[in-house]
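A short write-up of the structure that comes next.
Being a predicted model, the structure only gives us computed values, none of them experimental. To find a chain, count down the sequence lines: A is the first, B the second, and so on, and within it residues start at 1.
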Amino acid sequence: MPQITLPDGSVREFDAPVRGDEIAAAIGKRLAKDALAIRVDDDLRDLGTEITDDARVAIITRDSNEGLELLRHDAAHVMAEAVKELYPETQVTIGPAIENGFYYDFARETPFTPEDLEAIEARMHEIVERDEAIAREVWARDRAVEFFREQGEVYKAEIIASIPEGEDVSLYRQGEFIDLCRGPHLPSTGRLGHAFRLTKLAGAYWRGDSANEMLQRIYGTAWAHEKQLKTYLQQLEEAEKRDHRKLGRQLDLFHFADEAVGSVFWHPRGWSLFQSLIDYMRERQIEAGYHEINTPDVMDRGLWEQSGHWQSYGEHMFVTETADERVWALKPMNCPGHVAVFRHGLKSYRDLPYRTAEFGKVHRYEPSGALHGLLRVRHFTQDDAHIFCTEDQITEETIDVCRLVLSIYRDFGFEDVVIKFADRPDNRIGSDEIWEKSENALRGAIESMGLEYKYNPGEGAFYGPKIEFVLRDAIGRDWQCGTLQVDLNLPARLGATYIGEDGAKHVPVMLHRALFGSLERFTGILIEHYAGALPLWLAPMQVMVTTITSDGDDYALEVASRMRAAGLRVDTDLRNEKINYKVREHSLQKIPAIVAVGNREVEARTVAVRRLGEKGQRVVGLDEAIAALVEEARPPSRREGEAGANAAARKSAAG
RNA sequence: GCCCACAUAGCUCAGACGGUAGAGCACUCCCUUGGUAAGGGAGAGGUCACUGGUUCGAGUCCAGUUGUGGGCACCA
């Protein structure tokens with residue numbers, strides 16, 4: 001008589017053995033119908049699992065996260081079954097549940113076509129209708145290997161062969177289809193339901209290794225209910241509308257062209273945004289005690305050999321040779337240049353920490369398949385800085401960088417920032433003591449600030465541990481932007497020293513840090529975050545002064561020049577068009593403020609201000625309007641009692 | 001770099017079966033001076049990504065190249 005303890009604490013007794021579906025049925029009819037699997041103590045099991053001893057049991061339904069994951073995993077299996085039915089010569093490999101859905105990798109001579117995808121999806125629905133029982137079987141490993149080899153499933157056989165000898169493996173059978181799987185699975189294919197959709201076709205390397213052959217991967221999305229599927233597909237459409245490449249064209253911010261693959265042609269409005277970011281960062285950095293410098297874009301091969309870049313990263317570098325037969329490289333990083341500046345002239349311990357900052361444009365020959373709009377380019381500008389300090393100063397400098405970056409992100413409406421801490425990788429240089437010291441300093445700094453962080457073991461740079469700052473945008477996507485790395489290697493390698501209190505030469509520690517990371521990338525992220533509707537302080541065109549009729553022309557020009565003199569980015573629209581037409585056009589251009597002047601405003605020396613996203617307009621005196629706009633043109637943290645950029649981000653998310 | 005798809009006017013897209021290009025918006029001109037998301041009319045605009053092939057004839061079929069998109073790998 002096993003005693004079954006349910007999640008609410010109640011205890012029920014059953015005749016042994018009892019199956020999960022029987023427990024569900026005993027609790028309620030509805031639950032029995034919704035049940036997908038059970039959790040026995042802490043392990044997920046099939047609904048049909050027999051329980052003989054006392055246990056804590058929870059019924060997993062499609063409305064829980066665990067249930068949804070099972071559902072997605074089953075969708076992958078149903079897809080594999082459909083593929084095997086339609087294309088028996090195809091080999092199956094692996095098919096896990098992933099965020100929002102699932103995929104399955106197939107091995108096949110001829111690739112799938114988009115038409116195949118439709119056929120597979122249709123067949124999946126049939127399999128769900130057939131409601132085939134999904135049964136678990138336990139086989140000896142060797143028997144399973146042999147079975148799959150005979151079936152011509154060499155990949156499956158390879159996977160099973162990598163399981164330790166002598167162990168049993170579980171297989172799941174549904175209809176004619178049998179697959180190796182740890183499980184658990186739903187009791188039958190009918191439980192999957194129809195809230196799924198095959199989404200894309202892709203290539204993927206076997207075991208994720210580019211040295212291996214490429215398989216055909218089919219992605220799908222699956223949900224508990226049709227309504228959720230619909231919502232998800234709508235979200236995808238929303239995200240598409242925010243695509244910075246699309247908005248970049250619509251708002252005339254930048255373009256790309258074949259003659260400079262992976263490089264941005266910035267148009268006036270895009271460059272204005274870019275410069276706003278630099279202006280802002282420059283001000284914040286100077287305030288934080290950095291010295292802005294500038295170092296050469298092209299430097300001699302010898303320097304890159306000394307720094308180690310030539311050997312380690314040569315294939316990612318743009319190299320050029322001049323008529324005098326000297327070989328140069330376009331800098332892929334700013335650090336060697338910064339060490340050169342530090343090294344120039346004697347530095348004393350009194351000069352430390354010595355912080356050099358540069359809006360340096362770096363050039364990296366990225367693989368063609370990696371390029372993606374502004375988010376991954378071959379030539380980009382970093383808000384790069386290097387802090388030369390003593391080991392004892394690492395903690396304090398780290399705290400300052402964290403404070404600065406969080407404060408800066410807040411100005412852009414990014415409140416939700418995840419910090420990741422990565423420590424020593426296998427492939428590294430430097431002694432364990434030094435690693436110990438720098439890891440402790442970094443980790444200690446985050447902890448002393450009371451910040452939560454995620455631990456990424458072994459993901460540090462080869463020269464030192466690092467912190468990454470990941471921000472979450474208005475529609476919940478994560479972007480890794482800022483980074484802070486401790487480097488106990490390059491300064492020595494490039495001969496940087498300072499004179500210590502003891503009068504002897506010492507090698508400083510170097511901290512690498514970038515807050516926006518790539519300015520190009522950050523600009524792209526901002527465009528998507530704000531859906532193109534940039535807050536006034538960042539908007540390339542802040543105010544458009546329009547006229548109702550040409551009687552207002554002179555006054556409109558005066559208003560614009562007054563605003564321009566006050567530092568606002570403003571233009572006039574005196575065209576012979578109706579105000580409706582002008583409002584529509586400038587609203588589509590996402591200009592934050594449209595100022596209209598007609599005879600009434602000319603008379604009263606007022607302006608009618610219409611704000612983007614609002615319906616009506618407010619008529620205010622010219623001076624008052626200018627003062628308010630000028631205040632809003634400052635970064636949020638520089639305003640008097642301002643709630644911040646979040647409201648703006650949320651507003652644009654809603655619009 | 002690898003797999004698949006795609007490439008037609010500034011933009012968004014039509015162009016069964018091969019018979020030498022079309023719409024809307026934008027642009028130019030004319031009429032309209034209109035109070036908050038498209039007033040009307042006319043006009044101009046394309047070596048159909050590039051190279052080669054098949055064909056009497058190619059935007060359309062085939063091959064290659066370049067680029068773009070989605071993934072994979074990469075991201076110092």
Quiz item: What closest approach, in Å, do A:K331 and A:G360 show between heavy atoms, and which atom pair accounts for it?
Solution: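 Distance-wise, the nearest heavy atoms are NZ-CA, 4.2 Å.
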Quiz item: Taking the six-membered ring of A:Y365, is the NZ or CZ of A:R378 close enough (under 6.0 Å from the centre) and on axis enough (within 45°)?
Solution: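 Yes, cation above the ring, under 6.0 Å and within 45°.
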Quiz prompt | A:A596 side-chain proximity, nearest of B:C72, B:U36, B:U12 | solution = B:U36
Practice problem: For the side chain of A:T549, starting at C-beta, report the closest nucleotide among B:G35, B:G1, B:U33. | Solution: B:U33
Say you pick atom [atom1] in [N] and the same atom in [M]; how far apart are they, in whole Å?
N: B:A42; M: B:A37; atom1: C1'; result: 26 Å
N: B:U8; M: B:G24; atom1: C1'; result: 15 Å
N: B:C29; M: B:A14; atom1: C1'; result: 28 Å
N: B:U33; M: B:C25; atom1: P; result: 23 Å
N: B:A5; M: B:U55; atom1: P; result: 27 Å

With a cut-off of less than 4.0 Å, is there a side-chain N or O of [X] near OP1 or OP2 of [N]?
X: A:R108; N: B:C3; value: no
X: A:H372; N: B:G70; value: yes
X: A:N580; N: B:A37; value: yes
X: A:R245; N: B:G70; value: yes
X: A:Y581; N: B:G35; value: no

Centroid-centroid under 6.0 Å between [X] and [Y] rings:
X: A:H512; Y: A:Y463; result: yes
X: A:F102; Y: A:Y104; result: no
X: A:F112; Y: A:Y87; result: yes

Salt-bridge present ([X], [Y]; N to O < 4.0 Å):
X: A:D243; Y: A:R245; result: yes
X: A:R72; Y: A:E69; result: no
X: A:E439; Y: A:R424; result: yes
X: A:E558; Y: A:R605; result: yes

Dump the pairs, protein N or O against N or O of nucleotides 60-62 of chain B, anything under 3.5 Å, distances to one decimal.
none

Quiz item: Considering only heavy atoms and no angle criterion, is a donor-acceptor pair shorter than 3.5 Å present between the side chain of A:Y205 and the base of B:G1?
Solution: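 Indeed there is one.
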Can you check the [X] [atom1] to [N] [atom2] distance for me, whole Å?
X: A:E213; N: B:A73; atom1: CD; atom2: P; value: 14 Å
X: A:R584; N: B:G34; atom1: CZ; atom2: C1'; value: 17 Å
X: A:H255; N: B:U68; atom1: NE2; atom2: C1'; value: 14 Å
X: A:K200; N: B:G69; atom1: NZ; atom2: P; value: 14 Å
X: A:L253; N: B:C11; atom1: CG; atom2: P; value: 15 Å
X: A:D551; N: B:G35; atom1: CG; atom2: C1'; value: 13 Å
X: A:D252; N: B:G10; atom1: CG; atom2: C1'; value: 10 Å
X: A:D258; N: B:G69; atom1: CG; atom2: C1'; value: 14 Å

Quiz item: Going by heavy atoms in the side chains, are A:D551 and A:V602 under 4.5 Å from each other?
Solution: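 Answer no - side chains too far apart.
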Check nucleotides 4-8 of chain B for protein N or O atoms closer than 3.5 Å to its own N or O atoms and list the pairs.
none

Quiz item: Which is it for A:V570 and A:L629 under the side chain to side chain contact (heavy atoms under 4.5 Å, CB included) test, yes or no, and what are the steps along the way?
Solution: CA-CA 11 Å; A:V570 55; A:L629 290 167; over 6 Å; no
Quiz item: Among all residues two or more places apart in sequence or in another chain, which pass the salt bridge (Lys or Arg N to Asp or Glu O under 4.0 Å) test with A:D473?
Solution: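 Result, salt bridge (Lys or Arg N to Asp or Glu O under 4.0 Å) vs A:D473: A:R477.
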Quiz item: Partners of A:F256 by ring pair (Phe, Tyr, Trp, His ring centres under 6.0 Å), sequence neighbours excluded?
Solution: A:F254
Quiz item: Among side-chain atoms of A:R197 and A:T221, is any donor-acceptor pair under 3.5 angstrom?
Solution: no
Self-check item: Residue whose nearest RNA chain B nucleotide is more 5′ - A:T547 or A:R378
Solution: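 It is A:R378, whose closest nucleotide lies nearer the 5' terminus.
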Quiz item: Take atom CZ in A:R611; do more than 12 heavy atoms of anything else shown fall under 6.0 Å from it?
Solution: yes
Quiz item: Any sub-3.5 Å donor-acceptor pair from A:D383's side-chain atoms to A:F516's backbone N or O?
Solution: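 Judged by distance alone, yes, a pair lies under 3.5 Å.
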Quiz prompt | Bracket string, RNA chain B, 5' to 3' - pairs by Watson-Crick or G-U geometry under 3.5 Å, | interstrand | solution = (((((((..((((.....[..)))).(((((.......))))).....(((((..]....))))))))))))....
Can you give me the N/O atom pairs linking the protein to nucleotides 74-76 of chain B at distances under 3.5 Å, or say none if there are none?
| from | atom 1 | to | atom 2 | distance (Å) |
| --- | --- | --- | --- | --- |
| B:C74 | O2 | A:R376 | NH2 | 2.8 |
| B:C74 | N3 | A:R376 | NH1 | 3.1 |
| B:C75 | O4' | A:R376 | NH2 | 3.4 |
| B:C75 | O2 | A:R376 | NH1 | 3.3 |
| B:A76 | N7 | A:R364 | NH1 | 3.4 |
| B:A76 | N6 | A:R364 | NE | 3.4 |

